[in-house]
Amino acid sequence: MGLKGKDTKSLPGLHERIWKTVRRIPNGRVATYGQVARVAGLRSHARLVGYALHSLPPGFPVPWHRVINAKGRISLPVRSRHRQLQRKLLEAEGVKFTRDRIDLEEFGWNA
DNA sequence: CTGGTGACCATTA
DNA sequence: TTAATGGCCACCA
């Protein structure tokens with residue numbers, strides 16, 4: 001019954017769906033791209049989550065920084081400012097990094 | 001239509 | 001532990 005990956009064509013506003021889901025991640029917690037995709041009902045669209053966040057209008061009320069990759073790391077380019085900003089925002093919420101990694105067992109969102 | 005791209009992921013070596 | 005690989009598919013030029 002549910003969406004099995006291919007019938008996403010008829011779904012309108014995939015980006016909105018994704019943003020909406022990201023808005024549900026609690027303060028001080030993180031979710032992976034794949035997890036966001038699953039919760040949004042878009043199984044095989046982990047990459048689209050990254051794309052959707054990338055194309056997020058500046059100042060749009062979505063906690064994009066709470067989304068990281070499956071390894072528990074920030075996916076943004078090492079050199080970019082956004083990467084530093086993301087880490088800063090997370091640490092300000094109490095998320096701890098061990099080297100460059102976040103313990104998903106401890107800070108992962110229980111959706 | 002076609003082909004390239006990517007803020008991904010699970011598996012394998 | 002990291003690195004490579006194949007799959008994934010909406011988006012864009």
Side-chain angles (χ1 to χ4, degrees):
Chain A
M1 108 149 239
L3 304 172
K4 296 228 159 139
K6 280 239 178 145
D7 17 281
T8 59
K9 275 184 230 173
S10 54
L11 298 177
L14 296 184
H15 287 194
E16 278 186 21
R17 260 190 189 229
I18 290 167
W19 296 339
K20 216 171 196 179
T21 302
V22 172
R23 262 198 295 274
R24 294 175 41 200
I25 305 172
N27 188 293
R29 302 235 134 183
V30 296
T32 69
Y33 295 93
Q35 182 181 14
V36 170
R38 272 186 281 109
V39 173
L42 306 168
R43 248 193 216 177
S44 50
H45 291 67
R47 304 189 80 148
L48 185 61
V49 173
Y51 194 95
L53 294 181
H54 183 72
S55 54
L56 199 55
F60 211 74
V62 173
W64 57 270
H65 59 281
R66 307 215 260 248
V67 185
I68 61 176
N69 65 34
K71 298 187 196 75
R73 296 168 172 278
I74 291 174
S75 280
L76 291 166
V78 181
R79 204 68 74 150
S80 77
R81 295 199 301 105
H82 277 52
R83 182 179 177 105
Q84 297 180 39
L85 175 60
Q86 183 169 14
R87 174 157 182 162
K88 236 182 169 181
L89 290 171
L90 286 174
E91 290 180 324
E93 296 182 352
V95 176
K96 293 173 186 168
F97 284 76
T98 303
R99 296 224 199 100
D100 278 6
R101 222 178 254 171
I102 296 170
D103 183 0
L104 294 177
E105 297 285 321
E106 186 176 357
F107 298 103
W109 175 34
N110 298 301

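Heavy atoms only: backbone and side chains are in, while hydrogens, waters and symmetry mates are out. By convention in this document, chain letters (A, B, ...) are assigned in the order of the sequence lines, proteins followed by strands, and residues within each chain are numbered from 1.
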Check your understanding: Could you write nucleotides 8-13 of chain B as a row of B, S and -, 5' to 3', where a protein heavy atom under 4.0 Å of any base atom gives B, of only sugar-phosphate atoms gives S, and otherwise -?
Key -> BSS---

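We find that OH of A:Y51 is positioned 9 Å from C1' of B:dG6, with the value rounded to whole Å. Between the C1' atom of B:dA7 and the CZ atom of A:R79 lies a distance of 18 Å, rounded to the nearest Å. A:R43 has its CZ atom 13 Å from the P atom of C:dC8, to the nearest Å. Between A:W19 atom CH2 and C:dA10 atom P there is a gap of 17 Å when expressed in whole angstrom units. Atom-to-atom, CG of A:L53 to P of C:dC11 comes out at 14 Å; the value is rounded to the nearest Å.
Minimum interatomic distance between A:R29 and A:W109 (heavy atoms only, all atoms of both residues): CD-CA, 4.1 Å.
Put simply, the residue from A:L53, A:V36, A:I18 that forms a side chain to side chain contact (heavy atoms under 4.5 Å, CB included) with A:L48 is A:I18.
Using a 4.0 Å cut-off between charged side-chain N and carboxylate O, A:R66 and A:E93 make a salt bridge.
Within the model, atoms OH of A:Y51 and CG of A:L14 stand 12.0 Å from one another, a figure rounded to the nearest 0.5 Å.
Taking 4.5 Å as the limit, every side-chain heavy atom of A:L90 sits out of range of all side-chain heavy atoms of A:F107. Annotation: side chain of A:D100 is not in contact with side chain of A:I74 (no heavy-atom distance under 4.5 Å).
One finds a side-chain N or O of A:H45 lying less than 4.0 angstrom from the OP1 or OP2 phosphate oxygen of C:dA10.
Of the residues in residues 85-105 of chain A, not one comes within less than 4.0 Å of DNA chain B through any heavy atom.
Residues satisfying the salt bridge (charged side-chain N to carboxylate O under 4.0 Å, His left out) criterion with A:D103, sequence neighbours excluded, are absent altogether.
Side-chain atoms of A:R83 come within 3.5 Å of backbone N or O of A:L76 as a donor-acceptor pair.
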